[in-house]
2 protein chains.
Amino acid sequence: MSAIHHHHQHGVALHDSARAALEAAGEQWTDMRAAIFAVVAAEERPVSAYDVADKVSQARGKRVAPNSVYRILDLFVANNLVRRIESANAFIANSHPGCVHDCIFLICDSCGQATHVDDDKIAQNVRNLASQTGFAPAQPVIEVRGTCADCD
Amino acid sequence: MSAIHHHHQHGVALHDSARAALEAAGEQWTDMRAAIFAVVAAEERPVSAYDVADKVSQARGKRVAPNSVYRILDLFVANNLVRRIESANAFIANSHPGCVHDCIFLICDSCGQATHVDDDKIAQNVRNLASQTGFAPAQPVIEVRGTCADCD
DNA sequence: CAGTTAAGGTTACAACATATCATCAACGCG
DNA sequence: CGCGTTGATGATATGTTGTAACCTTAACTG
Ligand SMILES: [Zn+2]
Ligand SMILES: [Zn+2]
Ligand SMILES: [Zn+2]
Ligand SMILES: [Zn+2]
């Protein structure tokens, strides 16, 4: 495997790996959780928790409070099903739930699309740099704002 | 100059370079701007715009609305006097206003302290990675959450 | 002087996030 | 069965972060 890779999973396959990953962690895959994951996974761009709340409310024909959405998104983030995009205060489905990386996201300032790339070498360099100064890195945040190929 | 460096400026010196950088950009260094810069520069941790508003209000004995603070912080960020820490929704003074880098910040989840490091090689690798996919990088965001040496 | 610009004030509102307590279903067990 | 426990979600309130719209003032310009 090269240090740089790129991978995707769509629709049912992604849903299934997400469910498997969550259940492997001893958590339940409930209807509510499935609905929230579906909404996040349907988007190529990061979605805000409030957007998720609106969409899930529509899908279920019943108001779902942001509060409940945050609870579940936090659970997803903790279990690597979803990643938080710090520079957008928003969330995006992890295209490879079982597999843990210090992910790098390229976020288009024009269309909002986020591309997920992993480069373990860069991530390791960042962690090493932090360690050199006596800092114990827990979670590198590497996001690149710019313009995607389509919007260029 | 090594690719990795680390530098600081304090008190009057920092204030002076900030002023010089802003004026070189054709902007004014007003009392309000000086007061806001002073508040941000006095902290080793990222401060929220609302914290700045409170502190500046105290310092001037007159309420300053967050709105005004945001206006000026945005100007500072645009001119590289202050950096925004995306993962904290907060701001920190740039320790080297004249000098442009893709800065890397190490933010302690325990005490909140942020350390500013520059490593042009890592930053360049991140930009190159983005470019390889056809993405035009404008602004890499590289922040590391973790625990500082003091809190360890 | 009138016209223009830049800085900042005032008010209102929108977007993002958390805290607290209540409800309900599922499960284990005497 | 009745009962206590746990985990998931609901309801409501509140806190924090960020923007929009419009106004006032001071300075500079012709
Ligand atoms: Zn991967
Ligand atoms: Zn785009
Ligand atoms: Zn530097
Ligand atoms: Zn610390």
Side-chain angles (χ1 to χ4, degrees), chain A residues 19 22-23 25-40 43 45-57 59-79 81-92 107 109 112 145, chain B residues 19 22-23 25-40 43 45-57 59-79 81-92 107 109 112 145:
Chain A
R19 172 172 190 165
L22 197 61
E23 291 182 335
E27 300 287 351
Q28 302 175 35
W29 185 258
T30 64
D31 287 354
M32 186 75 242
R33 292 175 184 184
I36 289 181
F37 187 80
V39 166
V40 177
E43 293 282 340
R45 10 199 147 252
V47 282
S48 79
Y50 276 72
D51 286 348
V52 174
D54 289 346
K55 291 191 165 121
V56 172
S57 296
R60 313 198 103 201
K62 167 164 191 296
R63 178 186 138 86
V64 176
N67 167 348
S68 299
V69 173
Y70 274 107
R71 248 191 318 238
I72 292 175
L73 287 176
D74 289 348
L75 177 77
F76 286 172
V77 169
N79 288 279
L81 274 64
V82 162
R83 303 273 316 199
R84 181 177 164 83
I85 306 295
E86 296 293 344
S87 65
N89 294 332
F91 302 83
I92 193 165
I107 303 123
D109 289 325
R145 308 298 311 208
Chain B
R19 173 172 188 164
L22 197 61
E23 291 181 336
E27 301 285 352
Q28 302 175 34
W29 184 257
T30 64
D31 287 353
M32 185 76 242
R33 291 174 184 185
I36 288 180
F37 187 80
V39 166
V40 177
E43 293 282 339
R45 8 196 150 254
V47 281
S48 80
Y50 278 74
D51 286 347
V52 174
D54 289 346
K55 290 191 166 120
V56 172
S57 296
R60 314 198 103 201
K62 165 164 192 293
R63 177 185 138 86
V64 176
N67 184 345
S68 300
V69 173
Y70 273 107
R71 249 191 316 238
I72 293 175
L73 287 176
D74 289 348
L75 177 75
F76 286 172
V77 169
N79 289 280
L81 275 63
V82 162
R83 303 271 319 197
R84 181 177 163 82
I85 306 296
E86 297 293 344
S87 65
N89 295 331
F91 301 84
I92 192 164
I107 302 123
D109 289 325
R145 309 297 313 206

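Reminder, nothing fancy here: chain letters follow the sequence lines and each chain counts from 1. Note that the structure is a prediction, hence the values are computed from the model and not measured.
Between Asn79(A) and Ala25(A) the shortest heavy-atom distance is OD1-CB, 3.2 Å. Of all heavy-atom pairs between Met32(A) and Ile72(A), the closest is CG-CD1, 3.5 Å.
Rounded to whole Å, the distance from OH on Tyr70(B) to C1' on dA15(C) is 11 Å. Distance Tyr50(B) OH to dA14(C) P: 14 Å, rounded to the nearest Å. Rounding to whole angstrom units, CG of residue Leu73(A) and P of dA17(C) are separated by 10 Å.
Using cut-offs of 30° and 60° for the angle between ring planes, the Trp29(B) and Phe76(B) rings count as parallel.
The closest donor-acceptor contact from the side chain of Arg145(B) to the backbone of Ser87(B) lies under 3.5 Å. Using modelled atom types, no side-chain atom of Ser48(B) and backbone atom of Ala90(B) make a donor-acceptor pair closer than 3.5 Å.
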Q | Lys55(A)/Glu43(A) under salt bridge (Lys or Arg N to Asp or Glu O under 4.0 Å): CA gap, chis, key distance, verdict | A | CA-CA 11 Å; Lys55(A) 291 191 165 121; Glu43(A) 293 282 340; 3.3 Å; yes
List every contact pair, protein side and nucleotides 4-10 of chain C side both N or O, where the distance is under 3.5 Å.
| unit_1 | atom_1 | unit_2 | atom_2 | d |
| --- | --- | --- | --- | --- |
| dA7(C) | OP1 | Arg33(B) | NH1 | 3.3 |
| dA7(C) | OP1 | Arg33(B) | NH2 | 3.4 |
| dA7(C) | O5' | Arg33(B) | NH2 | 3.4 |
| dG8(C) | OP1 | Thr30(B) | OG1 | 2.4 |
| dG8(C) | OP2 | Arg33(B) | NE | 3.1 |
| dG8(C) | OP2 | Arg33(B) | NH2 | 3.4 |
| dG9(C) | OP2 | Ser68(B) | OG | 3.2 |
| dG9(C) | N7 | Arg71(B) | NH2 | 2.8 |
| dG9(C) | O6 | Arg71(B) | NH1 | 3.0 |
| dT10(C) | O4 | Asn67(B) | ND2 | 2.5 |

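The CZ atom of Arg45(B) sits 13.0 Å away from the CD1 atom of Ile85(B) when rounded to the nearest 0.5 Å.
With sequence neighbours excluded, the residues satisfying side-chain contact (heavy atoms from CB on, under 4.5 Å) with Asn89(B) are Asn89(A), Arg84(B).
Along DNA chain D, read 5' to 3', the first and last nucleotides having any atom under 4.0 Å from a heavy atom of chain A are dG7(D) to dT12(D).
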